[in-house]
Amino acid sequence: MPEYAIPTMQWAQVFEKNGGPIEYKQIPVPTPGPDEILINVKYTGVCHTDLHAWKGDWPLAMKLPLVGGHEGAGVVVAVGELVKDIKIGDHAGIKWLNSSCGQCDFCMASDEPICESAVLSGYTRDGTFQQYAVVNAGHAARIPKHLPLDAMAPILCGGITVYKALKESQAKAGNTVVITGAGGGLGTLALQYAKAMGFRTIAVDTGDEKAQICTQKLGAEVFVDFMKEDVIESVKKHTGGLGAHAVILLAVSEKPFQQATEYCRSRGTVVCVGLPAGAKITAGVFSTVVRMLTIRGSYVGNRLDTQEAIDFFARGLISAPYKVGKLSELPKVYELMEKGQIAGRYVLDTSVCAPLQGHERDRMLTMS
Ligand code: NAD
Ligand code: ZN
């Protein structure tokens, strides 16, 4: 078994209050409990959920001060005394679900994301915007050693979440699924998972770069630019007037949640995944009834969804765009994300941490 020298201090991105400065600084390396493992995070994706958490967008209490992040892929460097099936040196991942009670009705039915005692990485427990992070061993994602950890990171929230949502959509091979927010982190992955699952896709987002990526690289048959087109009319036009069999709502904006039932086919399913602050979903009762529509929420995935989502990736079926930056660049990534300027995911390399240079430091301190 390899031995790793674990430092006592490490680099992390920490904020003390919602919307306040995000401080890039050294903090102690955490120690795993008996049923936990310590992972040396090599790469961490930045999910829009991390931005919501920093801004305090949701009616859900969080830990403060907080190290955000919940898409961490790395190497196991320490295991608690009760952990038998994960060894030091294995590759493993930290996802949104850090642990759950295991005993409630939901956990017993493998619905652990809705466990009321669930611990959430980068929300109620320090997450992956640090070099060393702790996770309950049962909830750690098992990552085969031959897989690249940078490409793996976005799978650990984005991939799992969209794979689960596509399953929840009840779509069948050959059906058409609309992906709103298709050019973002979850959206680009959703197009790939949908294709691998045999679905046809219509991508909804904005801008030429995202249009090109969605249609040329990710398999979308049609791109609808929500800034230039009437989304309801365009989707109907491309689906023979009937609408799409399913709609996966990933956008960080309320409007698509008010439009989706209007371009969903009768008997179809609208799956809500995106979590814009304070948003409401709107649907006419009459048309929902007489068109037999289903509207549902989908929240990350369970442990089996996790391993299945990783397996799609391992079989070479998932290739979504991502850019790699440094852990110190997190505030810049949030700025780009807020403006909708990231096509795909931003992944941070946590191995190249060093004190900030003068101009970088000024930038960090002016973010608020
Ligand atoms: P992202 O910022 O990478 O992508 C969002 C995309 O939505 C952007 O490309 C943006 O241009 C697009 N968009 C904005 N307004 C739109 C509109 N009106 N129509 C169509 N597209 C529009 O964000 P992400 O990381 O992909 O996360 C998306 C959302 O999903 C966030 O709210 C996040 O918190 C949520 N999320 C939910 C779960 C879950 O389990 N339900 C899991 C992970 C993330
Ligand atoms: Zn996420």
Side-chain angles (χ1 to χ4, degrees), residues 44-55 57-58 60 68-72 93-97 113-114 118 120-123 127-128 153-166 168 178-191 202-211 213-214 223-232 234-235 247-260 263 271-279 296-302 305-306 309 320-323 333-347:
T44 172
V46 183
C47 177
H48 208 114
T49 289
D50 301 313
L51 179 53
H52 289 303
W54 173 59
K55 288 164 67 181
D57 276 349
W58 300 333
L60 181 64
H70 57 277
E71 283 186 345
I94 296 182
K95 53 190 179 53
W96 180 244
L97 254 284
I114 47 180
L120 310 173
S121 311
Y123 201 88
T128 58
I155 305 295
L156 296 169
C157 175
I160 296 164
T161 299
V162 300
Y163 171 59
K164 175 70 159 188
L166 287 161
E168 292 285 326
V178 171
I179 310 290
T180 71
L186 267 60
T188 49
L189 284 159
L191 291 174
I202 295 175
V204 183
D205 209 308
T206 190
D208 293 343
E209 185 191 7
K210 289 178 182 173
I213 289 172
C214 290
F223 184 86
V224 177
D225 192 320
F226 72 85
M227 295 289 277
K228 297 184 188 155
E229 297 171 63
D230 180 321
V231 176
I232 299 168
S234 295
V235 173
V247 183
I248 311 289
L249 292 169
L250 306 172
V252 191
S253 152
E254 188 174 35
K255 195 168 178 195
F257 290 80
Q258 297 171 340
Q259 296 178 322
Y263 58 76
V271 186
C272 303
V273 177
L275 294 157
R296 57 171 48 157
S298 186
Y299 183 37
V300 290
N302 68 14
D305 299 318
T306 299
Y322 63 93
K323 294 188 183 79
V333 177
Y334 281 168
E335 277 177 12
L336 294 171
M337 185 175 264
E338 183 76 50
K339 294 181 194 148
Q341 287 175 353
I342 302 172
R345 242 327 171 233
Y346 226 104
V347 171

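As the structure lists them, so they are numbered: ligands from 1, and atoms in each ligand from 1.
- The distance from ligand 1 to the heavy atoms of Thr49 drops below 4.0 Å at these ligand atoms: 33 (C), 34 (O), 36 (N), 43 (C), 44 (C).
- The shortest distance between side-chain heavy atoms of Phe257 and Thr180 does not fall below 4.5 Å.
- Residue contact check: Cys157 has heavy atoms under 4.0 Å from atoms 42 (C), 43 (C) of ligand 1.
- Residue Pro276 comes nearest to Ala251 through the heavy atom pair CD-O, 3.9 Å, listed as atom of the first residue, atom of the second, then distance.
- Using a distance-only test at 3.5 Å, with no hydrogens or angles considered, a donor-acceptor pair links the side chain of Trp58 to the main chain of Leu275.
- Interface of Gly184 with ligand 1, defined as ligand atoms under 4.0 Å from a residue heavy atom, comprises 3 (O), 4 (O), 9 (O).
- Considering only non-hydrogen protein atoms, atom 28 (C) of ligand 1 sits nearest to Leu250 O, 3.1 Å.
- In summary, the atoms of ligand 1 found under 4.0 Å from a heavy atom of Gly181, numbered by their order in the structure, are 6 (C), 7 (O), 12 (C), 20 (C), 21 (N).
- With contacts defined as side-chain heavy-atom distances shorter than 4.5 Å, the pair Lys95/Val300 does not qualify.
- Around NZ of Lys255, the count of heavy atoms belonging to other residues, nucleotides or ligands within 6.0 Å does not exceed 12.
- Polar contact with ligand 1: present for Val273 (N/O pair, distance under 3.5 Å).
- Heavy atoms from both the backbone and the side chain of His48 come within less than 4.0 Å of ligand 1.
- Nearest to atom 26 (O) of ligand 1 among the protein's heavy atoms is Leu186 N, 2.8 Å.
- Annotation: side chain of Cys214 is not in contact with side chain of Asp205 (no heavy-atom distance under 4.5 Å).
- Residue Leu275 has at least one N or O atom closer than 3.5 Å to an N or O atom of ligand 1.
- No part of Tyr346 comes within 4.0 Å of ligand 1, judged by heavy-atom distances.
- Scanning the protein heavy atoms around atom 15 (N) of ligand 1, the nearest turns out to be Ser253 CB, 3.4 Å.
- At least one heavy atom of Lys210 sits less than 4.0 Å from an atom of ligand 1.
- At least one heavy atom of His52 sits less than 4.0 Å from an atom of ligand 1.
- Residue Pro256 has at least one heavy-atom neighbour below 4.0 Å for each of these atoms of ligand 1: 17 (C), 18 (N), 19 (N).
- The protein heavy atom nearest to atom 11 (O) of ligand 1 is Asp205 OD1, 2.7 Å.
- Heavy-atom minimum distance, His52 versus Val252: CE1-CG1, 3.5 Å.
- When each of Val231, Val204, Val224 is checked for a side-chain contact (heavy atoms from CB on, under 4.5 Å) with Val178, only Val204 meets the rule.
- Counting heavy atoms from C-beta on, the side chains of Leu156 and Ile94 never come closer than 4.5 Å.
- Put simply, part of Val204 is less than 4.0 Å from ligand 1, judged by heavy atoms.
- Side chain of Glu71 to main chain of Gly158: a donor-acceptor pair is present (N/O by atom type, distance under 3.5 Å, no hydrogens or angles).
- Using a 4.0 Å cut-off to heavy atoms of Gly183, the atoms of ligand 1 that qualify are 9 (O).
- At a cut-off of 3.5 Å, with distance as the only test, a side-chain donor of Glu229 or Ser234 sits close to an acceptor on the other residue.
- At under 3.5 Å, a nitrogen or oxygen of Gly185, whether backbone or side chain, sits near a nitrogen or oxygen of ligand 1.
- For the residue pair Gly301 and Pro113, the shortest heavy atom distance occurs at O-CG, 3.5 Å.
- Each of the atoms 2 (O) of ligand 1 lies under 4.0 Å from some heavy atom of Met337.
- With hydrogens and angles disregarded, no donor-acceptor distance shorter than 3.5 Å links the side chain of Asp305 to the backbone of Thr161.
- Distance from atom 5 (C) of ligand 1 to its nearest protein heavy atom, with residue and atom name: Val252 CG2, 3.9 Å.
- Proximity of Tyr299 to ligand 1, defined as any heavy-atom pair under 4.0 Å, is shared by backbone and side chain alike.
- For atom 38 (C) of ligand 1, the closest non-hydrogen atom on the protein side is Thr161 CG2, 3.7 Å.
- Here the protein heavy atom with the shortest distance to atom 30 (O) of ligand 1 is Gly274 CA, 3.4 Å.
- The shortest non-hydrogen separation linking Gly207 to Asp225 is N-OD2, 3.1 Å.
- Between the side chains of Tyr123 and Trp96, not a single donor N or O lies within less than 3.5 Å of an accepting N or O.
- Contact record, Gly344 with Thr188: CA-OG1, 3.6 Å, taken as the closest heavy-atom pair.
- Residue contacts with ligand 1 for Val300 involve both N, CA, C or O and side-chain atoms from C-beta outward (heavy atoms, distance under 4.0 Å).
- Among the atoms of Cys157, an N, O or S atom is found under 2.8 Å from the Zn ion (ligand 2).
- Taking atom 14 (C) of ligand 1 as the reference point, the nearest protein heavy-atom neighbour is Phe226 CZ, 4.1 Å.
- At least one N/O-N/O distance between Arg345 and ligand 1 falls below 3.5 Å.
- Not a single heavy atom of Phe257 lies less than 4.0 angstrom from ligand 1.
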